[in-house]
Amino acid sequence: MRIQHYRFNRSQGLIYREVGQQIQPINEQHLDAIILHATPPILGRPFSNMLQQEWIGLCFLDPNLDWSYALLSSGNSNALRSFLDYRQNLKAPLNSVTTRITLDEQNSRTGHTWFMYDFEALNLPYGFDGKTYLENINYPLVDTRLELPFSPPPSLDEIRNQFPSVISSKPDKQGSTDLRTQFMIWD
């Protein structure tokens, strides 16, 4: 298992993965993540080229099941609302589903384009056993490279115990619920 860092560029609608000192766009329009921990929103400025705004730190397993980190930013459009609504509507631990994160294009009446987060709940991978997978892992649930004063995360044992039982049968698509977030058009 490797540690990965992802970035969401909401001005261009691209998702990047850090590779060494560079960033490379991923070849997908979305990122599937088994979210292990999401911090509460906190005001800060982790990057000198960005204005102070609210941030949520995510720790998740990426599509390769690598330990991963990313930040969600509020920007001027209150973009964190979509994640907070998704989390509330899910009514289950975040790690009980695979969350598909997409950057959804928005256009104002004046012609300005930006991208908002869109979240969709999908089934966990067939046969995935999160409790066993995380058994011997001791990575932090918050990206320690960032200078944001996030509150202390729960223990990894708490995260492990939230995972559902092993998925041993194919998911029933008829019982799935559409938990995509709704967006508003901002001028």
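Closest approach of H30 and T102 over heavy atoms only: CB-OG1, 3.4 Å. The two residues A92 and S96 come nearest to each other via the heavy atoms CB-OG, 3.5 Å. Between T144 and P140 the shortest heavy-atom distance is CG2-CG, 4.0 Å. Between R87 and A38, the closest heavy-atom pair is NH1-O, 3.5 Å. For the pair Y69 and C59, the tightest heavy-atom approach, listed with the atom from each and the gap, is CE2-SG, 4.0 Å. When all heavy atoms of L90 and A121 are compared, the closest pair comes out as CD1-CB, 4.0 Å.
Using a 4.5 Å cut-off on side-chain heavy atoms (C-beta onward), R7 and R17 make no contact. Proximity of N123 to V97: side-chain heavy atoms (C-beta onward) are nowhere separated by under 4.5 Å. Residues S74 and L43 form no side-chain contact, since every pair of their non-hydrogen atoms from C-beta on lies 4.5 Å or further apart. Side-chain contact between L71 and L148 is present, with at least one heavy-atom pair separated by less than 4.5 Å. Side-chain atoms of L134 and L36, non-hydrogen and from C-beta on, do get closer than 4.5 Å to each other. Put simply, the side chain of H37 reaches to within 4.5 Å of the side chain of P154, judged on heavy atoms.
Panel note: side chain D62, backbone N64; a donor-acceptor pair is recorded below 3.5 Å. Panel note: side chain T110, backbone S108; no donor-acceptor pair is recorded below 3.5 Å. Although no hydrogens or angles enter the test, the distance criterion places a donor-acceptor pair under 3.5 Å between the side chain of Q53 and the main chain of G75. The backbone N or O of G111 lies less than 3.5 Å from no partner atom in the side chain of N107, so there is not a single donor-acceptor pair.
Under the 4.5 Å side-chain contact rule for hydrophobic residues, Y139 and F163 share a cluster. W67 and V142 fall into different hydrophobic clusters, where Ile, Leu, Val, Met, Phe, Trp and Tyr are joined by side-chain heavy atoms under 4.5 Å apart, directly or via other members. A single hydrophobic cluster is seen to contain both L84 and I35, as judged by linkage of ILVMFWY side chains at heavy-atom distances under 4.5 Å, directly or through other members. Connection of I159 to I137 is established within a shared hydrophobic cluster, with ILVMFWY side chains joined at heavy-atom distances below 4.5 Å, either directly or through further cluster members. Taking hydrophobic clusters as Ile, Leu, Val, Met, Phe, Trp and Tyr residues chained together by side-chain heavy-atom distances below 4.5 Å, L58 shares a cluster with I26.
Residues T99 and Y86 bring a donor and an acceptor atom of their side chains to less than 3.5 Å of each other. At a cut-off of 3.5 Å, with distance as the only test, no side-chain donor of D32 or T98 sits close to an acceptor on the other residue. Between the side chains of S155 and D157, not a single donor N or O lies within less than 3.5 Å of an accepting N or O.
Expressed to the nearest 0.5 Å, how far CE of M116 lies from CG of L80 amounts to 9.0 Å. Here the straight-line distance linking atom OG1 of T39 with atom CG of L146 works out to 9.5 Å at 0.5 Å rounding. The CG atom of L122 lies 10.5 Å from the CD1 atom of I34; values are rounded to the nearest 0.5 Å. The distance from the CG atom of L65 to the CZ atom of F128 is 5.5 Å, given to the nearest 0.5 Å. Rounding to the nearest 0.5 Å gives a distance of 13.5 Å between CH2 of W114 and CG of L103. Atom CZ of F83 is separated from atom CG of D118 by 13.0 Å, given to the nearest 0.5 angstrom.
In this structure, F8 and Y117 have perpendicular ring planes: the angle between them is above 60°, well past the 30° mark. W55 and F47 have perpendicular rings, their planes meeting at more than 60° on a 0 to 90° scale where under 30° would count as parallel.
Remark: Q12 CD is packed, more than 12 non-hydrogen atoms of other residues, nucleotides or ligands lying under 6.0 Å away. By the 6.0 Å contact criterion, CG on N49 is enclosed, its count of non-hydrogen atoms from other residues, nucleotides or ligands being greater than 12. Within 6.0 Å of CD on Q52 lie more than 12 heavy atoms contributed by other residues, nucleotides or ligands.
With salt bridges taken as basic N to acidic carboxylate O contacts below 4.0 Å, none links E105 and R10. Salt-bridge annotation for R160 and E135: absent, with no side-chain N of the basic residue lying under 4.0 Å from a carboxylate O of the acidic one. The pair K131-D129 does not count as a salt bridge, with every side-chain nitrogen at least 4.0 angstrom from each carboxylate oxygen.
Ring centers of Y6 and Y16: at least 6.0 Å apart, outside the cut-off.
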Q. Between Q106 and T113, is a side-chain contact (heavy atoms from CB on, under 4.5 Å) present by the stated rule, with each step listed?
A. CA-CA 6 Å; Q106 305 290 303; T113 300; over 6 Å; no
Q: Evaluate the side-chain contact (heavy atoms from CB on, under 4.5 Å) criterion for residues L61 and Y133: first the C-alpha distance (whole Å), next the side-chain angles of each, then the deciding distance (0.1 Å), finally the verdict.
A: CA-CA 10 Å; L61 299 176; Y133 190 77; 4.0 Å; yes
